[in-house]
Amino acid sequence: MMKNRFRIVHSFALAMLASSAALAAPVIYFGENQTAGLSVSGSPVAARAQFLSNLSGVSSQGFESFAVGRRAPIDLTFAGSAGSLSATLTGVGQVDNSTAFGRFNTTTGGSKWYDVSGAFNIAFGTPIAAFGFYGTDIGDFSGRITLRLTDTNDVVTNLTVPNTVNGNDGSLLFYGFIDSTKAYKAIRFGNTAPGDDDVFGFDDMVIGETRQIGPPTGVPEPGSLALVGLSLAAVVAATRRKARK
């Protein structure tokens, strides 16, 4: 079993003869550390950093401003491209701060997270195109997290977090996606082993609008592709002129 794994899945569709670049959707960012030992360390940190490097002007929200034991609904506020973004969490779960069962805080200087085993929902006041979170202690009792994304046209996309099944207590993962082609109004979280069997900690959520998506790492902006095309055309023209001499 890989105890500390890091995977970033980039699927790109490039129209090489046009001055545009399309980012296949959704792009997934995932990192898992099965030996985190109640610390924010290893591959999840790298995955989150890569996720954030493709966004601009976003903010992270933990649960530090809520009392331990607070249950849904919980309203959260995030930085947007032109003002604040809102999100409302509903469903099961509660704010917790006890590390006795392997869940733990991931917010720097913080002590709390959202402790949950069953389904919960997040509705967005403004449709979002990027979403990420830290999860702790998921999978030690055979569970996997599922995400049901509903876009603004009510089209549903189902995702499953590829966490280790029957892994260690106190594990840490980061999971996020960026989608430049759709905007989502709601996400429903599920658990393949709900109830008292597989509980996980949910913390440091990040959301972003389409306008907060920056140029993806390693993919040229449309203007750059246009310049490449012009450069190639110039090279071809120069070659032809030399051939005529």
Nearest heavy atoms of [X] and [Y], plus distance in Å:
X	Y	result
Ala36	Gly170	CB-O, 3.6 Å
Asn166	Ser142	OD1-N, 3.3 Å
Ala72	Gly91	CB-O, 3.5 Å
Arg144	Thr192	N-OG1, 2.6 Å
Thr210	Ala129	OG1-CB, 3.6 Å
Lys182	Asp151	CD-OD2, 3.6 Å

Residues, nucleotides or ligands: over 12 heavy atoms within 6.0 Å of Phe66 CZ: yes
With a sphere of 6.0 Å drawn around CZ of Arg70, does it hold more than 12 non-hydrogen atoms of other residues, nucleotides or ligands? yes
Side chain to side chain contact (heavy atoms under 4.5 Å, CB included) between Ile187 and Phe131, worked out: CA-CA 10 Å; Ile187 297 177; Phe131 180 85; 3.7 Å; yes
Within the side chain of [X], is there an N or O that forms a donor-acceptor pair under 3.5 Å with the backbone of [Y]?
X	Y	result
Gln212	Gly57	yes
Gln34	Asn168	yes
Asp198	Gly139	yes
Asn33	Ser41	yes
Ser59	Ala79	yes
Glu64	Ser111	yes
Asp154	Thr150	no
Gln94	Asp115	no

Is any side-chain heavy atom of [X] less than 4.5 Å from a side-chain heavy atom of [Y]?
X	Y	result
Ser171	Thr164	no
Leu172	Val40	yes
Leu149	Asp179	no
Phe133	Ile207	no
Leu55	Ile213	yes

Given Arg103, which partner from the list Asp137, Asp203, Asp140, Asp169 fulfils the salt bridge (charged side-chain N to carboxylate O under 4.0 Å, His left out) test? Asp137
Find the distance between [atom1] ([X]) and [atom2] ([Y]) and round it off to the nearest 0.5 Å.
X	Y	atom1	atom2	result
Arg188	Leu147	CZ	CG	11.5 Å
Asn105	Ser98	CG	OG	12.5 Å
Ser65	Ile74	OG	CD1	8.5 Å

Is it true that the side chains of [X] and [Y] contain a donor and an acceptor less than 3.5 Å apart?
X	Y	value
Arg48	Thr106	no
Thr126	Glu209	no
Asp204	Thr107	yes

Residues pairing under ring pair (Phe, Tyr, Trp, His ring centres under 6.0 Å) where one sits in residues 160-188, two or more places apart or in two chains, turn out to be Phe51-Phe174, Tyr134-Phe174, Phe177-Tyr184
Quick one: ring pair (Phe, Tyr, Trp, His ring centres under 6.0 Å) pairs with a partner in residues 106-127, sequence neighbours left out? Phe63-Tyr114, Tyr114-Phe120, Phe120-Phe189, Phe120-Phe202
Is Leu52 reachable from Ile178 through a run of hydrophobic residues whose side-chain heavy atoms are each under 4.5 Å from the next? yes
Met205 vs Ile122, test: side chain to side chain contact (heavy atoms under 4.5 Å, CB included). Steps then yes/no. CA-CA 11 Å; Met205 178 169 59; Ile122 303 173; 3.5 Å; yes
Apply the test side chain to side chain contact (heavy atoms under 4.5 Å, CB included) to residues Ile138 and Val161: give CA-CA distance (whole Å), side-chain angles for both, the deciding distance (0.1 Å), then the verdict. CA-CA 10 Å; Ile138 180 66; Val161 178; over 6 Å; no
Give the C-alpha distance, both sets of side-chain angles, the deciding distance and a yes or no for side chain to side chain contact (heavy atoms under 4.5 Å, CB included) between Leu159 and Ile28. CA-CA 10 Å; Leu159 302 173; Ile28 305 300; 4.3 Å; yes
